[in-house]
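Heads up: the structure comes next, in structure tokens.
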Amino acid sequence: MAMNYNAKDEVDGGPPCAPGGTVKSRRPDNTAFKQQRLPAWQPILTAGTVLPTFFIIGLIFIPIGIGIFVTSNNIREIEIDYTGTDPSSPCNKCLSPNATPCICTINFTLEQSFEGNVFMYYGLSNFYQNHRRYVKSRDDSQLNGDSSALLNPSKECEPYRRNEDKPIAPCGAIANSMFNDTLELFLVGNESYPTPIPLKKKGIAWWTDKNVKFRNPPGGESLKERFKGTTKPVNWVKPVYMLDSEPDNNGFINEDFIVWMRTAALPTFRKLYRLIERKSDLHPTLPAGRYYLNITYNYPVHSFDGRKRMILSTISWMGGKNPFLGIAYIAIGSISFLLGVVLLVINHKYRNSSNTADITI
Amino acid sequence: MEQHVSIDTLRRDPSLYRDIAKNALLRWRVFIYWTFLGVFDALVFFFGAYFMFENTTVTSNGQIMTTNTHMIFGNWTFGTLVFTVMVFTVTLKLALDTHYWTWINHFVIWGSLLFYVVFSLLWGGIIWPFLNYQRMYYVFIQMLSSGPAWLLIILLITVSLLPDVLKKVLCRQLWPSATERVQ
């Protein structure tokens, strides 16, 4: 706000002071700061400065948008819904299984081959991993390997804190609802027998999660001993120290578990399940053809109208398929360019009339 | 600190004071305009991030990682993205509205942004022992290591600030006040 320079703080005309008098002047110091004369830059947003900016934004955003859009369109993706609510679906029998585990098979065809690294995700719908009470229901110190928290989990994990008078490891609702379907992929080749596709299960979680944030509790030789005194979560079939046979993927540092514990932002989400590494550069990772997916259907979603999917996707420098970003960049770039043109026209029209502007009082 | 016109100009032409008569700069009209701008910006931040996360897998390339991991964004990354866009937009809006840039203004505004980035890096960089939840661990750094997240941040900041800049320029061009004519 413009401040007035006023002379109110000058010395008032009081009694004349004797030489050497001690009446202190109330006048503020004559420094640049106190007299508001600091050196300053005073930019003004005129059409002349802003117009090039609009054009530059348009010229930069549109090619970026086109680049992103083209990259996104080149990403191959296929989504297979295997919830089985439709009576004709092969997994319909698993909705109310006679015998557990229920195994169903879905056939699908890849029209085009997938090159490079292929990522296999499982997707869930209508599953609110971002519900507030759900997100709070975990104990990060227990997952970090703290021995005291292992046997005495935090109160936030209620009601999944203790079971049968023993503490649950890992406690909480997030761990309890871990996804436990098993998916296997087979290529139906020209020969009569189908070839299984090798699925890599390491390297799917954040490196920092697996090596820093999640740690197994310290202690004895076997993992089973280190978890002594705890019990498995209520909905789990196997306890946490039997999640995998390999010791660096077992217990709390099991990568499927870590991926699940990273709560998703929206109710329809997908999580990385397995990696299909690229073979040599000559052969596509997943050639076009017929495949079938073997599912061990353990995870019940139909009670809350959820859906389950398996997604296969290649990846680019900008991640998975993301049409929104490309379209948004193109749109904003075009709008900016258009606004620049409009401003140019207005500027031109009014430039002449502003020369004859009268000073209105 | 903030001077729309310099002191000497005001002394030369005191009729400029009429522009701020009757509390013109803090009237309801200005207030409602800022409120609508705030609502528009909020919608841009949230729904921009929402549509990006919705039917895609936003991953990063893992360039700073030793292993070739492809990490999935989660709940906290979504929130961090929205919050980062908000902090930058609000600070830059303030910068756009400042007419008189002294060294203090530079220090405070750019210092604010720098402090936010440094603080977020430190906050998420270590497992702080006094915290009950380690949910923010590495979230900020991991968000910054992803190309699409950067692109989205730049896009959302631009979209939020565009209407205000447009309005300023148009009003100065078409209906300049006496103050603006003198500037």
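In what follows, every chain begins at residue 1, and chains take the letters A, B, ... in the order their sequences are listed.
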Are there over 12 heavy-atom neighbours, none belonging to [X], within less than 6.0 Å of that residue's [atom1]?
{"X": "F36(B)", "atom1": "CZ", "answer": "no"}
{"X": "H131(A)", "atom1": "NE2", "answer": "no"}
{"X": "Y273(A)", "atom1": "OH", "answer": "yes"}
{"X": "F55(A)", "atom1": "CZ", "answer": "yes"}
{"X": "F83(B)", "atom1": "CZ", "answer": "no"}

So which heavy atom on [X] is nearest to which on [Y], and how close?
{"X": "R135(B)", "Y": "K213(A)", "answer": "CA-NZ, 4.1 Å"}
{"X": "F324(A)", "Y": "G48(B)", "answer": "CE2-O, 3.5 Å"}
{"X": "A265(A)", "Y": "G74(B)", "answer": "CB-O, 3.7 Å"}
{"X": "Y138(B)", "Y": "W206(A)", "answer": "O-CZ3, 3.9 Å"}

For [X], is it the side chain, the backbone, both or neither that has a heavy atom under 4.5 Å from a heavy atom of chain B?
{"X": "A328(A)", "value": "both"}
{"X": "L51(A)", "value": "neither"}
{"X": "K136(A)", "value": "both"}
{"X": "I311(A)", "value": "neither"}

*Considering only heavy atoms, give the residues of residues 153-163 of chain B separated from chain A by less than 4.5 Å, sorted numerically, with 'none' for an empty result.*
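I154(B), L155(B), T158(B), V159(B), L162(B), listed by number.
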
Margin query: As a quick check of understanding, evaluate side-chain contact (heavy atoms from CB on, under 4.5 Å) for Q129(A) and N75(B), giving each step before the final call.
Written below: CA-CA 8 Å; Q129(A) 262 206 332; N75(B) 197 5; over 6 Å; no

Examine the side chains of N347(A) and Q173(B) and answer whether a donor and an acceptor come within less than 3.5 Å of each other.
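Distance-only check passes for N347(A) and Q173(B).
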
Going from [atom1] on [X] to [atom2] on [Y], what distance comes out if it is rounded to the nearest 0.5 angstrom?
{"X": "F61(A)", "Y": "L151(B)", "atom1": "CZ", "atom2": "CG", "result": "9.0 Å"}
{"X": "I327(A)", "Y": "F51(B)", "atom1": "CD1", "atom2": "CZ", "result": "11.5 Å"}
{"X": "F73(B)", "Y": "L266(A)", "atom1": "CZ", "atom2": "CG", "result": "13.0 Å"}

message: Please identify, among T268(A), V135(A), I57(A), D209(A), the residue contributing the most non-hydrogen atom pairs under 4.5 Å to chain B.
response: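 The answer is V135(A).
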
Q. Of the listed residues (V50(A), L339(A), L325(A)), which shares the most heavy-atom pairs with chain B below a 4.5 Å separation?
A.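 When all of V50(A), L339(A), L325(A) are compared, L325(A) has the most.
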
Q.
Heavy-atom cut-off 4.5 Å, strictly under: side chain, backbone, both or neither for Y133(B) against chain A?
A.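 Its backbone and side chain both get close to chain A.
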
May I ask you to test the T208(A)-I141(B) pair for a side-chain heavy-atom distance under 4.5 Å?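 Not in contact.
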
Worked check of side-chain contact (heavy atoms from CB on, under 4.5 Å) between L166(B) and F54(A):
CA-CA 10 Å; L166(B) 187 70; F54(A) 273 89; 4.0 Å; yes

Donor-acceptor pair, side chain of D140(A) and main chain of Q134(B), under 3.5 angstrom: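 Checked: pair present.
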
